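All of these numbers come straight from a predicted model, not from anything done at the bench. Chain identifiers are assigned alphabetically (A, B, ...) following the order of the sequence lines, protein sequences preceding nucleic acid strands; residue numbering begins at 1 within each chain.
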Protein chains: 2
Amino acid sequence: MKRNTWQREAVRGALDANDGFVSAQALHSALHSTGSPIGLATVYRALADLAVTGDADSLQSPEGESLYRACSTNDHHHHLICRNCGLTVEIEADAVETWAKDVAAQNGFTQAAHVVDVFGLCAACTAQAAASAR
Amino acid sequence: MKRNTWQREAVRGALDANDGFVSAQALHSALHSTGSPIGLATVYRALADLAVTGDADSLQSPEGESLYRACSTNDHHHHLICRNCGLTVEIEADAVETWAKDVAAQNGFTQAAHVVDVFGLCAACTAQAAASAR
DNA sequence: GCCTTGCTGATAATGATTGTCAAAACCATT
DNA sequence: AATGGTTTTGACAATCATTATCAGCAAGGC
């Protein structure tokens, strides 16, 4: 049976407190800095569990780290992520869903999963970048 | 100045000989098994170079490895990848291109890049899986 | 052929993630 | 509240992919 431990709550809480995607490492140090003595391995396990139960989303950053995020819905959806500040917008993509399924079917593929994420600079970071470039 | 070494040729050749995405590690052992004494570090360097010059495409597998592939065109395109045998089909996705750009613009994002890849089981591997499940 | 300088490769280093296992915590039951 | 069977935890070691190091080699211009 799944048990309810304060560590799991702490991880979920730390995820909720964050607007964007966070690495497991960052989450661990964030928890430590609040005085929590939680172990690194536990953070990884909790994140893996949350991802499985659908309470969190995970994706690979372009640098190869695994990033996690608490998502507001359990529905399948995608993300628009600011590569500078990590701000994340959840986006609906019915068109992409059906497109992915069609493309897979046309080529004889089954069990199609897809990775669809858009990275960019959010409005604030765009302005900042323009200012600092000057 | 960039020099022309047989090692670089070997890596490019090994990439060309392969239909799908390969990890750097796999490429290195493939080369070794053909008797080439090429070093692992060199494979990584050659792949990084090829990716920069646009002679190869790279992406992150869901497991977090970096995969490489020699692509037939320099145009921007996406991939349909068999997660079992690595077979890769290049797919055009104008619809997705414009969708990604629109979504980014609607949310004030600039410099939008996107990661769009479809993983599945190709026809052959689907049949195999069905057979072995029996 | 010689020389300069970039390239190679064995190995160490790094950094993220996962495995190990005894001790502690959880929860249903008494 | 005490007990007991299991799960979870956490410190640490192990693993895996990748990158840095650095002395020796080789490519290309002369």
Side-chain angles (χ1 to χ4, degrees), chain A residues 1-15 18 20-53 55-69 81 83 86 115, chain B residues 1-15 18 20-53 55-69 81 83 86 115 117 119:
Chain A
M1 187 215 306
K2 271 271 183 286
R3 293 184 183 172
N4 247 358
T5 62
W6 65 266
Q7 285 96 336
R8 226 174 277 269
E9 298 300 326
V11 170
R12 185 192 298 249
L15 260 194
N18 212 304
F21 278 87
V22 212
S23 72
Q25 308 272 343
L27 211 53
H28 175 238
S29 28
L31 282 165
H32 258 204
S33 71
T34 68
S36 167
I38 193 170
L40 177 57
T42 307
V43 174
Y44 274 99
R45 278 185 292 241
L47 285 174
D49 282 352
L50 288 173
V52 165
T53 60
D55 289 324
D57 249 22
S58 72
L59 63 79
Q60 305 268 340
S61 80
E63 290 80 33
E65 278 177 290
S66 288
L67 303 182
Y68 296 87
R69 172 159 201 262
I81 304 148
R83 73 166 67 88
V115 179
Chain B
M1 186 215 310
K2 269 271 184 286
R3 290 183 185 173
N4 245 0
T5 62
W6 64 265
Q7 287 96 335
R8 224 174 278 269
E9 298 299 327
V11 169
R12 185 191 300 248
L15 260 194
N18 212 303
F21 277 87
V22 212
S23 71
Q25 309 272 345
L27 211 53
H28 177 236
S29 29
L31 283 165
H32 258 204
S33 71
T34 68
S36 168
I38 193 170
L40 176 58
T42 306
V43 175
Y44 274 99
R45 276 184 294 241
L47 285 174
D49 283 352
L50 288 173
V52 165
T53 59
D55 289 323
D57 251 21
S58 72
L59 63 80
Q60 304 267 341
S61 79
E63 290 78 34
E65 280 177 290
S66 287
L67 303 182
Y68 296 87
R69 172 158 201 261
I81 304 148
R83 72 166 68 90
V115 179
D117 288 297
F119 289 84

For A:Gln7 and C:dA25, is the shortest distance between a side-chain N/O and OP1 or OP2 below 4.0 Å?
-> no

If you measure from OG1 on B:Thr5 to CD1 on B:Ile38, what distance do you get to the nearest 0.5 Å?
-> 7.5 Å

Between C:dG15 atom C1' and A:Gln60 atom CD, what is the distance in whole Å?
-> 15 Å

Pairwise side-chain contact, B:Asp49 with B:Val11, heavy-atom cut-off 4.5 Å (strictly under) | no

Can you tell me the distance, in whole Å, between the CG atom of B:Asp49 and the P atom of C:dC7?
-> 8 Å

Would you check if A:Asn18 and A:Arg69 make a side-chain contact, meaning some heavy-atom pair closer than 4.5 Å?
-> no

Can a side chain N or O of B:Thr5 be found less than 4.0 Å away from OP1 or OP2 on C:dT8?
-> yes

Starting at atom CG of B:Leu47, determine the distance to atom P of C:dG9, rounded to an integer number of angstrom.
-> 14 Å

B:Arg8 CZ - D:dA27 P separation (whole Å) | 12 Å

Separation of atom CG in A:Leu50 from atom P in D:dT8, rounded to whole Å = 13 Å

Using atom NE2 of A:His28 as one end and atom C1' of C:dT18 as the other, report the distance to the nearest whole Å.
-> 15 Å

Report the distance from atom CG of A:Leu47 to atom OG1 of A:Thr42, rounding to the nearest 0.5 Å.
-> 10.5 Å

A:His32 has an atom NE2; how far is it from atom P of D:dT9, in whole Å?
-> 14 Å

Find out whether B:Ile81 and B:Leu59 are in side-chain contact, i.e. whether some heavy atom of one side chain is under 4.5 Å from a heavy atom of the other.
-> yes

Are any of B:Arg3's side-chain N or O atoms less than 4.0 Å away from OP1 or OP2 of C:dT5?
-> no

d(A:His28 NE2, A:Leu40 CG) to nearest 0.5 Å is 5.0 Å

For atom CH2 of B:Trp6 and atom P of C:dT8, their distance in whole Å | 9 Å

Contact letters for nucleotides 16-25 of chain D, in which S counts primed atoms plus P, OP1 and OP2 and B counts the base, heavy atoms under 4.0 Å | -SBBBB----

Is B:Thr42 near enough to C:dG9 that one of its side-chain N or O atoms lies under 4.0 angstrom from OP1 or OP2?
-> yes

Heavy-atom check, side chain of B:Glu9 versus side chain of B:Asn4, under 4.5 Å | yes

